[in-house]
Undergrad: 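One structure coming up, written as structure tokens, with questions to follow.
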Amino acid sequence: QMQLAESGGGLVQAGGSLRLSCVASGSLLEETLIRINTLGWYRQAPGKQRELVADITSDDSTNYSDSAKGRFTISRDNAQNTVYLQMNSLKPDDTAVYYCNLHGPSVTVWGQGTQVTVSS
């Protein structure tokens, strides 16, 4: 089965930076699916709805939430089946579990999440 494995979360002070990574793996068919579909990062804080942070298409077109614009950068390395989220100027409101996601016309896959905590 296709799996998404996030890493890079942790505890940082406000104004600091973190780089999240998500490695996607699976069968040869699933590896093709990874390369042709959109990858994204979502986050969910306690008591809040899960929300989109950023996503990136197979053609490297990117989309960011208003809160992420100017601070976060999403990128992908198809050769390594990996999507990254560089997070700068972190704020306490960024504290959440961050999830990697693959989405296409007929499939949606979620990672298990990585915790990001920003102290004030």
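Remember, predicted model here, so these are calculated numbers, not experimental data.
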Undergrad: Just to verify, what does R35 make a salt bridge (Lys or Arg N to Asp or Glu O under 4.0 Å) with, not counting sequence neighbours?
TA: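 By the salt bridge (Lys or Arg N to Asp or Glu O under 4.0 Å) rule, R35 matches no residue at all.
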Undergrad: Kindly write out the residues that satisfy side chain to side chain contact (heavy atoms under 4.5 Å, CB included) with S65, not counting sequence neighbours, or none if the list is empty.
TA: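 Applying side chain to side chain contact (heavy atoms under 4.5 Å, CB included) to S65 gives S67, A68.
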Undergrad: Applying side chain to side chain contact (heavy atoms under 4.5 Å, CB included), can you list everything that pairs with D77, at least two apart in sequence or on another chain?
TA: A79, Q80, Y84
Undergrad: Who are the side chain to side chain contact (heavy atoms under 4.5 Å, CB included) partners of V12, not counting sequence neighbours?
TA: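 L18, L90, V118.
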Undergrad: As an exercise, state the distance from CD1 of I36 to CG of D59, rounded to the nearest 0.5 Å.
TA: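 Output value for this atom pair is 11.0 Å.
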Undergrad: Tell me whether R76 contacts the main-chain N or O of T57 through its side chain, where contact means a donor paired with an acceptor under 3.5 Å.
TA: yes
Undergrad: Is there a path from L52 to V97 through hydrophobic residues (I, L, V, M, F, W, Y) whose side chains come within less than 4.5 Å of each other?
TA: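 Yes, L52 and V97 fall within the same hydrophobic cluster.
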Undergrad: For the residue pair L85 and R19, establish whether any side-chain heavy-atom pair is separated by less than 4.5 Å.
TA: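 Side chain of L85 against side chain of R19, heavy atoms only: no contact under 4.5 Å found.
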Undergrad: Can you list everything that forms a side chain to side chain contact (heavy atoms under 4.5 Å, CB included) with T62? Sequence neighbours excluded, please.
TA: I56, Y64, I74
Undergrad: Quick one: do V53 and Y42 satisfy side-chain contact (heavy atoms from CB on, under 4.5 Å)? Show the steps, please.
TA: CA-CA 5 Å; V53 178; Y42 292 71; 5.5 Å; no
Undergrad: Is V116 close to L20 at the side-chain level, that is, under 4.5 Å between some pair of heavy atoms?
TA: yes
Undergrad: Drop me the distance from N88's CG to Q86's CD, to the nearest 0.5 angstrom.
TA: 4.5 Å
Undergrad: How close do W41 and V83 get, counting heavy atoms only, and between which atoms?
TA: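 Nearest heavy atoms, W41 then V83: CZ2-O, 3.7 Å.
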Undergrad: Measure the CG-CG distance between L102 and N37 for me, rounded to the nearest 0.5 Å.
TA: 5.0 Å
Undergrad: Tell me which pairs pass disulfide (SG to SG under 2.5 Å) where either residue lies in residues 4-55, with sequence neighbours left out.
TA: C22-C100
Undergrad: So, the side chain of E31 versus the backbone of L28: is there a donor-acceptor pair under 3.5 Å, distance only?
TA: no
Undergrad: To the nearest 0.5 angstrom, please state how far the CZ atom of R43 sits from the OG1 atom of T95.
TA: 9.0 Å
Undergrad: Kindly write out the residues that satisfy salt bridge (Lys or Arg N to Asp or Glu O under 4.0 Å) with K69, not counting sequence neighbours, or none if the list is empty.
TA: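 For K69, the residues satisfying salt bridge (Lys or Arg N to Asp or Glu O under 4.0 Å) (neighbours in sequence not counted) are D66.
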Undergrad: Using the test ring-ring contact (aromatic ring centres under 6.0 Å, His included), find all partners of Y99 that sit at least two apart in sequence or belong to another chain.
TA: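 With sequence neighbours excluded, Y99 shows a ring-ring contact (aromatic ring centres under 6.0 Å, His included) to no residue whatsoever.
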Undergrad: Restricting to pairs with a member in residues 107-120, which pass side chain to side chain donor-acceptor pair (under 3.5 Å), not counting sequence neighbours?
TA: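 For residues 107-120: H103-T108, Q115-T117.
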Undergrad: State yes or no: do L4 and V23 share one hydrophobic cluster built from I, L, V, M, F, W and Y residues joined by side-chain heavy-atom distances below 4.5 Å, directly or via other members?
TA: no
Undergrad: Please list, chain by chain and in numerical order, all residues satisfying salt bridge (Lys or Arg N to Asp or Glu O under 4.0 Å) with D55, sequence neighbours excluded.
TA: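 If we apply the salt bridge (Lys or Arg N to Asp or Glu O under 4.0 Å) test to D55, skipping adjacent residues, there are no hits.
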Undergrad: With rounding to the nearest 0.5 angstrom, report the CD to OH distance, Q44 to Y98.
TA: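 Output value for this atom pair is 12.0 Å.
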Undergrad: Cluster question for you: counting only ILVMFWY and a side-chain heavy-atom cut-off of under 4.5 Å, with indirect links fine, are L39 and M2 together?
TA: yes
Undergrad: Applying side chain to side chain donor-acceptor pair (under 3.5 Å), which residue pairs with at least one partner in residues 1-13 are found, sequence neighbours left out?
TA: none
Undergrad: Show me the pairs that pass disulfide (SG to SG under 2.5 Å) and involve residues 45-97, at least two apart or across chains.
TA: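 Every pair satisfying disulfide (SG to SG under 2.5 Å) with a residue in residues 45-97: there are none.
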